[in-house]
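What you see is a predicted model, and the numbers here were worked out from it, not measured in a lab. Naming convention: chains lettered A, B, ... in sequence-line order (proteins, then strands); numbering from 1 in each chain.
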Amino acid sequence: MPEGLEAEIYRRAAERVVGRAVAAVEVDDRQAMAGELRHALPGRTVMSARRCGKLVVLDLDDTVALGLHFGMTGRLIVDGFAPIDELVYASGRDDPAWNRLVLTFTDGTLLRVNDPRRWAAFTLDPDVERLGPDFLDLSADLLGERLRGRRAAVKTLLLDQTIVAGFGNLCIDEVLFQAGVAPGASVAELTHGQLGEIAAAARRHLPAMLERGGSHTGVLTPVLRALLPPCPRDGAPLQRSTVGGRTTVWCPVHQIV
DNA sequence: GCCCTTGTTACGCC
DNA sequence: AGGCGTAACAAGGG
């Protein structure tokens, strides 16, 4: 599913359209800003492709920003090139009926978002100020600042995009596994050293997963999550539970509450 | 045909 | 007031 890593993969693909001018816009009528998008984009040139957490932002003519959010199953296709062929929990097909946004450029090329489940969302001038700092830029001090005064489970809070932006279910479980911190641990109980372990695990493992292809390429693969073999680190029985309303896989031996 | 999956938001409660 | 927990949401796949 598209987490911040997939958003970065999509952002890199979207860089191909920098310098191109929008000729036509097709957008799903069920998008809240469908009318505004059809009106605001044609004639404008893409100046840059940024990423804020899970959001890809295209800046057009320095006057408008187009935010692309991919939900659970949204895929980006640029000039027929899909940087991610298959998403975990998504269909492998590319049915034209699932196109939710199609930008046609003046040279005839295309940027498409294809999403079977309609959870992709497109916004003009998205409010990125409400997002927390990016999950690829964490430090112990920054995490401490973002979590100060809170007491909920660390996984629940890291899933909150206003606290840290970019984490999804798979990346959180992977980082906490590597950091040796239990997902259900209250942040009020975490030491500064444990926050440092989380930040270090994010800085070390997330870029490696990005280059391997995304959030499903950690030690806790989707197959492992389904089959629950012994912990690859210490051989203890892996545990599956629910934290923050999400399926959570963790090792009760080396991940400390 | 029920149940599982995810990210986000809307509620009710404390 | 605001943190916290839970449910609802869409819809394809098993």
For A:R204, is the CZ atom crowded, meaning more than 12 foreign heavy atoms sit under 6.0 Å from it?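 Atom CZ in A:R204 is not packed in, count stays at 12 or less.
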Quick check for you: among [options], whose closest atom lies nearest to any side-chain atom of [X]?
X: A:R150; options: C:dA11, B:dT6, C:dG3; answer: C:dG3
X: A:H69; options: B:dT8, B:dT5, C:dC4; answer: B:dT8
X: A:A152; options: C:dA11, C:dC4, B:dG7; answer: C:dC4
X: A:Q161; options: B:dT8, C:dA11, B:dG7; answer: B:dT8

Taking any heavy-atom pair under 4.0 Å as a contact, classify A:T156: base, sugar-phosphate, or nothing.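 Here A:T156 touches no strand at all.
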Determine the contact category for A:G149: base if any of its heavy atoms lies under 4.0 Å from a base atom, sugar-phosphate if only primed atoms, P, OP1 or OP2 are that close, otherwise nothing.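 If one applies the 4.0 Å heavy-atom cut-off, A:G149 turns out to touch nothing in the nucleic acid.
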With a 4.5 Å cut-off on side-chain heavy atoms, are [Y] and [X] touching?
X: A:K54; Y: A:Q161; value: yes
X: A:R51; Y: A:D134; value: yes
X: A:L228; Y: A:P237; value: no

Please name the pair of heavy atoms, one in A:G214 and one in A:L5, separated by the smallest distance, quoted to 0.1 Å.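 Looks like C-CD1, 3.9 Å.
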Nearest non-hydrogen partners of A:L41 and A:V22, listed with the distance: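 Result for this residue pair: O-CB, 3.5 Å.
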Check this one for me: any side-chain N or O of [X] less than 4.0 Å away from OP1 or OP2 of [N]?
X: A:R118; N: C:dA11; result: yes
X: A:T73; N: C:dG12; result: no
X: A:K54; N: B:dT8; result: yes
X: A:R240; N: B:dT5; result: no

Spacing between [X] atom [atom1] and [N] atom [atom2], to the nearest angstrom:
X: A:N114; N: C:dG12; atom1: CG; atom2: P; result: 12 Å
X: A:K155; N: C:dG5; atom1: NZ; atom2: P; result: 14 Å
X: A:R117; N: B:dT6; atom1: CZ; atom2: C1'; result: 8 Å
X: A:F167; N: B:dT8; atom1: CZ; atom2: C1'; result: 18 Å
X: A:D127; N: B:dT8; atom1: CG; atom2: P; result: 14 Å
X: A:R75; N: B:dT6; atom1: CZ; atom2: P; result: 18 Å
X: A:R246; N: B:dT8; atom1: CZ; atom2: P; result: 10 Å
X: A:L5; N: B:dG7; atom1: CG; atom2: P; result: 12 Å

Can you check each nucleotide of nucleotides 9-14 of chain B against protein heavy atoms at under 4.0 Å and return B for base, S for sugar-phosphate only, - for none, in 5' to 3' order? S-----
How are the rings of A:F135 and A:F167 set to each other: parallel, tilted or perpendicular (split at 30° and 60°)?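 Aromatic pair A:F135/A:F167 classed perpendicular.
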Checking side-chain polar atoms at under 3.5 Å, does A:R20 have a donor or acceptor matched by the opposite partner on A:T109?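 Distance-only check passes for A:R20 and A:T109.
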Go nucleotide by nucleotide along DNA chain C from the 5' end; which of A:G245 and A:R100 gets its closest nucleotide reached first?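 So the residue in question is A:G245.
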